[in-house]
Asker: 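My structure is below; once you've seen it, I'll send some questions.
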Protein chains: 2
Amino acid sequence: MARLDLDDLRLFRLIAEAGSITAGAARAHLALAAASARVRGMETALGVRLFERSRQGVTPTPAGETLMIHARALLAQADRMHEEMSFHSGAGAGHIRLLSNTNALAEFLPDLLGRFLASAPAATVDLRERLSDEITRLVAEGVADIGIVASTADTGALETFPFRSDQFVLVVANGHPFAGRPAIAFKDVLDQDFVGLDQASAIQRLLADRAAREGRRLRLRVQLRGFDAVCRVVEAGVGVGIVPETTAKRAICTMALTAIPLADPWATRDLRICVKSLAALPESARRLVELLRSPGLA
Amino acid sequence: MARLDLDDLRLFRLIAEAGSITAGAARAHLALAAASARVRGMETALGVRLFERSRQGVTPTPAGETLMIHARALLAQADRMHEEMSFHSGAGAGHIRLLSNTNALAEFLPDLLGRFLASAPAATVDLRERLSDEITRLVAEGVADIGIVASTADTGALETFPFRSDQFVLVVANGHPFAGRPAIAFKDVLDQDFVGLDQASAIQRLLADRAAREGRRLRLRVQLRGFDAVCRVVEAGVGVGIVPETTAKRAICTMALTAIPLADPWATRDLRICVKSLAALPESARRLVELLRSPGLA
DNA sequence: GGCGTCCTTCGTAAAAAGCGAAGGAGTGCG
DNA sequence: CGCACTCCTTCGCTTTTTACGAAGGACGCC
């Protein structure tokens with residue numbers, strides 16, 4: 001073996017993170033002996049020691065630290081490759097590749113897609129969540145058929161149509177000091193503890209980025225999957241949350257919450273549908289676009 | 001095989017570039033059957049067709065085009081990893097890792113390193129060429145022991161010492177229309193055909209970048225390894241070249257060339273030695289630094 | 001000295017990868 | 001229409017690689 005491979009790097013990273021070959025092997029679902037031999041093989045191939053061994057396990061050498069940086073970058077890039085390639089694998093008659101940002105995904109698409117799929121039994125939809133700029137790029141490249149993005153995204157030469165309008169609001173428990181405010185700026189809530197969505201969520205990455213622009217980090221107490229879950233935890237009073245207004249209005253009916261509009265321009269989300277070329281889309285995708293464009297439905 | 005590996009991607013890229021599995025297999029030093037089976041395995045793993053097969057060979061499908069983008073990025077990143085790791089592998093008593101930009105490499109280091117190695121039989125030097133900003137980063141990270149950079153580079157907290165001063169000059173054949181000028185600006189030579197160094201050369205990448213800042217590209221007729229070779233081809237009158245003044249002065253003695261100073265500030269190269277911490281260097285590296293710092297010698 | 005923890009080595013088996021040879025598919029030419 | 005040519009695929013076999021369980025080694029602690 002002359003050069004390291006991705007499986008080598010994956011095992012190496014798992015061992016470094018676990019702090020022992022024994023634990024790393026377990027995480028990699030390998031026998032200890034196999035993992036040990038493989039690490040030794042990597043060290044032979046590179047001509048360098050990657051770990052110091054001890055009774056407490058292993059610690060990376062300086063060379064191991066360097067390899068870790070590269071391993072993380074390569075494995076992340078490989079994950080992106082596999083994910084993007086998996087999007088191609090569904091291409092075929094009746095299959096529609098749809099990218100959405102977080103607002104649309106949670107609030108509007110479930111009902112609309114349910115109706116679409118009911119009316120088109122042979123169609124399938126691959127729905128994934130992305131940031132708006134990522135969506136426009138993937139639609140432009142032809143990797144996705146349809147995108148739903150915030151109007152602030154640069155859609156370049158893509159064809160776009162209005163979709164829905166929504167707004168992020170701050171939700172707080174009733175009785176919270178902010179509860180009486182008519183509106184609030186994002187930067188003014190950064191001192192609060194936050195209940196957020198997990199890192200895979202596009203909005204979560206948007207909020208982290210907006211906080212970074214203020215030279216701050218979000219004080220995340222917990223990260224959940226889904227805005228409804230966020231509202232429930234906010235109701236318990238352990239932090240504040242940012243959710244779409246439509247989610248908040250629905251949650252207020254059943255939870256002791258107060259919704260406060262965010263004053264920032266980026267918090268108003270005029271959502272738009274974008275496609276590379278409506279005329280060039282397969283018929284099933286075109287019919288989905290027409291449904292998405294139809295006036296607001298319950 | 002569930003996920004693609006770097007060897008898969010390397011073979012895939014070779015086939016795509018060659019235009020046939022037969023030629024790609026040859027370039028990868030594999031039998032045709034092995035390459036064919038491996039591509040088929042990749043297509044199975046990804047669930048997507050990567051190539052259209054025909055009597056003329058193969059052409060990438062849209063999915064294949066996407067994979068090619070990712071493959072190139074991953075393989076480039078893997079090459080950087082292996083190269084950086086190979087720098088670690090030489091670490092040891094008496095081994096010195098030295099990074100230099102192109103001027104120093106060509107003009108000053110051969111004589112100085114020759115003298116150093118003559119006086120220190122047990123020492124070894126791993127000398128590589130980089131752009132100055134790359135050098136400062138790798139020295140700061142402890143991956144290299146000693147760096148030689150242009151004084152314009154941001155050396156941050158590194159310890160630096162003067163090394164040498166040099167200047168890029170334009171060399172042209174005697175009789176060239178520029179031959180009478182006392183000096184010339186880089187942007188004024190961009191209409192000329194160029195004789196350059198190969199893409200691995202730091203100065204070549206610097207010049208390409210400077211040209212890009214003028215919204216231009218270098219008109220490279222040929223790319224060579226070494227300034228002396230550049231001078232010889234310039235003498236033949238097929239283009240102009242940019243080389244260190246010391247090279248030009250030596251070349252003028254034996255070739256029908258004219259050297260014209262470049263007027264741009266960046267063309268004046270005050271070279272400096274940088275180290276992370278002189279006191280912390282192994283003794284052999286410290287002694288090399290002292291030799292490098294000594295006043296100009298023949 | 002015995003015990004516990006973690007890593008390394010060994011022999012073996014299974015899986016993967018590669019090879020040469022032969023066949024298949026498709027196109028162009030006489 | 002048959003043949004030749006080009007390129008890819010399949011098959012059977014061999015070699016190499018990878019993984020396993022078991023046992024031993026190194027080291028520190030009680």
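Letters go in sequence order (proteins before strands), and every chain restarts at 1.
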Asker: Just the rounded figure in Å: distance from P of D:dG25 to CG of A:L32.
Answerer: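 Going from CG in A:L32 over to P in D:dG25 covers 17 Å.
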
Asker: What integer distance in Å separates A:R49:CZ from C:dT8:C1'?
Answerer: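 Rounding to the nearest Å, CZ of A:R49 and C1' of C:dT8 are 11 Å apart.
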
Asker: Rounded to the nearest Å, what distance is computed from the CZ atom of residue A:R10 to the C1' atom of nucleotide D:dT18?
Answerer: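 So the two atoms are 16 Å apart, to the nearest Å.
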
Asker: If you count heavy atoms of other groups shown closer than 6.0 angstrom to CZ of B:R217, is the number above 12?
Answerer: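 No, because the 6.0 Å sphere around CZ of B:R217 holds 12 heavy atoms or fewer from other groups.
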
Asker: Mapping B:R40 and A:A33 to their closest nucleotides on DNA chain D, which lands nearer the 5' end?
Answerer: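 Residue closer to the 5' terminus by nearest nucleotide: B:R40.
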
Asker: Could you check whether atom CG of A:D154 has more than 12 heavy atoms from other residues, nucleotides or ligands sitting under 6.0 Å from it?
Answerer: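 Not more than 12 within 6.0 Å, no.
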
Asker: Any side-chain heavy-atom pair from B:R53 and B:V39 closer than 4.5 angstrom?
Answerer: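 Yes - at least one pair of side-chain heavy atoms lies under 4.5 Å apart.
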
Asker: Counting side-chain heavy atoms from C-beta on, which of C:dC7, C:dG18, D:dC20 comes nearest to B:L30?
Answerer: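 Of the candidates, C:dG18 comes closest.
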
Asker: How many whole angstroms separate atom CG of B:D7 from atom C1' of C:dG18?
Answerer: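 About 13 Å, once rounded to whole Å.
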
Asker: Between B:L197 and B:Q223, which heavy-atom pair has the shortest distance, and what is it?
Answerer: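 Closest approach of B:L197 to B:Q223: O-NE2, 3.0 Å.
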
Asker: A:F51 has an atom CZ; how far is it from atom P of C:dT8, in whole Å?
Answerer: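 Spelled out: CZ on A:F51 to P on C:dT8 is 11 Å.
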
Asker: Could you state the atom-to-atom distance from NE2 of B:H29 to P of C:dG20 in whole Å?
Answerer: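 These atoms are roughly 14 Å apart.
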
Asker: Of B:D7, B:D8, B:I15, which meets side-chain contact (heavy atoms from CB on, under 4.5 Å) against B:L11?
Answerer: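 One option only clears the test, and that one is B:I15.
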
Asker: Using a strict 4.0 Å threshold on nitrogen-to-oxygen distance, state whether A:E134 and A:R128 make a salt bridge.
Answerer: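 A:R128 and A:E134: not salt-bridged.
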
Asker: Can a salt bridge be assigned to the pair B:R286 and B:E290 using a cut-off of 4.0 Å between side-chain N and carboxylate O?
Answerer: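 Result for this pair is no, no salt bridge flagged.
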
Asker: Find the distance B:L4:CG to C:dA16:C1' and express it as a whole number of Å.
Answerer: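 It works out to 16 Å between those atoms.
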
Asker: List in chain and number order the residues that pass side-chain contact (heavy atoms from CB on, under 4.5 Å) with A:D193, two or more places apart in sequence or in another chain; answer none if no residue qualifies.
Answerer: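 Testing A:D193 for side-chain contact (heavy atoms from CB on, under 4.5 Å), a comparison that skips the adjacent residues, returns A:R219, A:R221.
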
Asker: Does the pair A:R205/A:E129 count as a salt bridge with the N-to-O cut at 4.0 Å?
Answerer: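 Salt bridge: no.
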
Asker: Output the residues of residues 52-65 of chain A in contact with DNA chain C, where contact means a heavy atom of the residue under 4.0 Å from an atom of the strand; sort by number or write none.
Answerer: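 Contacting residues: A:R53, A:R55, A:G57, A:V58.
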
Asker: How many Å lie between CD on A:E43 and P on C:dC7, as a whole number?
Answerer: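 Going from A:E43 (CD) to C:dC7 (P), I get 12 Å.
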
Asker: So, does B:S36 get its side chain near the phosphate of D:dT9, meaning an N or O under 4.0 Å from OP1 or OP2?
Answerer: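 True: B:S36 side-chain N/O within range (under 4.0 Å) of D:dT9 OP1/OP2.
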
Asker: Expected output is a numbered-order residue list: members of residues 15-25 of chain B with a heavy atom under 4.0 Å from any atom of DNA chain D. What is it?
Answerer: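 Heavy-atom cutoff 4.0 Å gives B:S20, B:I21, B:T22.
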
